[in-house]
Amino acid sequence: MDSGELNKIFGGVLAAFLTLLLLNFFGGKIYGTGEGYHGKEQLAFALEVEGGAGDEEEVEVAIDYGALLASADAAAGQKVFNKCKACHKIEDGADGVGPNLWNIVNRDIGSVSGYGYSGIFAELPGNWTLEALSAFLENPKAYAKGTKMAFGGLKKPEDRVNLIVYLNEADGSPEALQ
């Protein structure tokens with residue numbers, strides 16, 4: 001065998017290898033295989049499904065409010081409030097799209113006079129305690145079914161407690177949080 005024959009064999013092997021690489025690359029682009037697929041993609045939106053065979057029971061995690069209060073930061077709560085200030089104000093009597101949050105800690109639920117609350121707030125008993133505010137801020141639609149509030153909630157307990165501490169101090173006469 002001369003060198004010309006060896007070059008032809010080597011060229012054929014190289015061409016076959018390159019063909020396989022290109023088919024793999026374009027096949028992944030066309031049919032959605034390769035890295036970034038098979039459960040690793042981001043969903044554009046999530047749908048809640050009830051009553052399916054694979055439903056798992058939610059495990060309630062107890063929140064240590066004492067530890068969270070000990071490390072709470074009103075300045076961090078003020079930054080979290082930026083998510084709220086489009087609809088809520090902290091000035092006394094200054095309602096926005098939502099009711100004012102002036103002196104909200106330990107205030108009766110649904111008690112801002114002149115504000116048109118969703119009907120559910122008339123039915124909720126009690127005051128806005130630390131635990132009640134935290135539960136509402138975590139998932140407003142689950143806490144007050146039928147609320148007009150479109151906010152999705154704050155998932156991190158630290159963010160909720162920081163926000164509550166900020167709101168508690170904003171009126172100048174903070175309540176005792178326990």
Side-chain angles (χ1 to χ4, degrees), residues 36 39-52 54-178:
K40 296 179 185 175
E41 66 272 347
Q42 298 263 334
L43 296 176
F45 59 91
L47 298 176
E48 292 185 29
V49 179
E50 296 180 14
D55 283 352
E56 298 177 12
E57 285 216 21
E58 291 185 26
V59 177
E60 188 86 16
V61 177
I63 298 172
D64 184 3
Y65 287 108
L68 289 174
L69 282 172
S71 64
D73 180 13
Q78 185 174 11
K79 290 179 184 173
V80 174
F81 182 72
N82 287 333
K83 297 177 182 180
C84 312
K85 70 181 181 181
C87 298
H88 295 279
K89 300 189 181 339
I90 305 180
E91 294 84 33
D92 190 15
D95 296 329
V97 173
N100 73 72
L101 302 178
W102 176 262
N103 198 21
I104 188 155
V105 176
N106 292 327
R107 179 173 78 192
D108 288 338
I109 294 176
S111 65
V112 173
S113 62
Y115 183 77
Y117 285 99
S118 304
I120 187 67
F121 287 100
E123 300 169 12
L124 292 175
N127 297 337
W128 284 121
T129 62
L130 173 66
E131 291 82 8
L133 280 167
S134 180
F136 179 72
L137 291 170
E138 181 178 14
N139 189 345
K141 294 209 179 282
Y143 186 86
K145 290 177 177 45
T147 182
K148 293 183 275 187
M149 185 167 161
F151 183 63
L154 299 170
K155 302 306 173 207
K156 295 180 183 174
E158 299 83 16
D159 287 346
R160 296 192 305 265
V161 170
N162 287 338
L163 176 61
I164 293 166
V165 167
Y166 169 69
L167 292 173
N168 189 37
E169 295 177 2
D171 65 1
S173 58
E175 297 279 334
L177 292 171
Q178 300 174 17

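If you read the sequence from its start, that first residue is 1, and numbering goes on from there.
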Could I get the full list of side-chain hydrogen bond (donor to acceptor under 3.5 Å, both in side chains) partners for Asp159, not counting sequence neighbours?
-> none
No-hydrogen, no-angle side-chain donor-acceptor test under 3.5 Å, Lys85 and Asn82 = yes
Would you name the heavy atoms of Leu163 and Cys84 that are closest together and state the gap between them?
-> CD2-SG, 4.0 Å
With distance as the sole test, does Arg160 use its side chain to make a donor-acceptor pair with the main-chain N or O of Leu130 at under 3.5 Å?
-> no
Between CG of Asn100 and CD1 of Ile90, what distance do you get to the nearest 0.5 Å?
-> 9.5 Å
For Tyr166, the ring-ring contact (aromatic ring centres under 6.0 Å, His included) test, sequence neighbours excluded, returns Phe81
Roughly how far, to the nearest 0.5 Å, is the CG atom of Leu101 from the CD1 atom of Ile164?
-> 11.0 Å
What pair of heavy atoms forms the shortest contact from Gly98 to Tyr115, and how long is it?
-> CA-OH, 3.3 Å
To the nearest 0.5 Å, how far apart are CG in Asp73 and CG in Asn162?
-> 5.5 Å
Looking at CH2 of Trp128 and CG of Asn103, how far apart are the two atoms once the value is rounded to the nearest 0.5 Å?
-> 14.5 Å
In terms of the angle between their ring planes, are Phe121 and Tyr117 parallel, tilted or perpendicular, with boundaries placed at 30° and 60°?
-> tilted
Exceeds 12 heavy-atom contacts within 6.0 angstrom, atom NZ of Lys141 | yes
More than 12 foreign heavy atoms under 6.0 Å from NZ of Lys156: is that the case here?
-> no
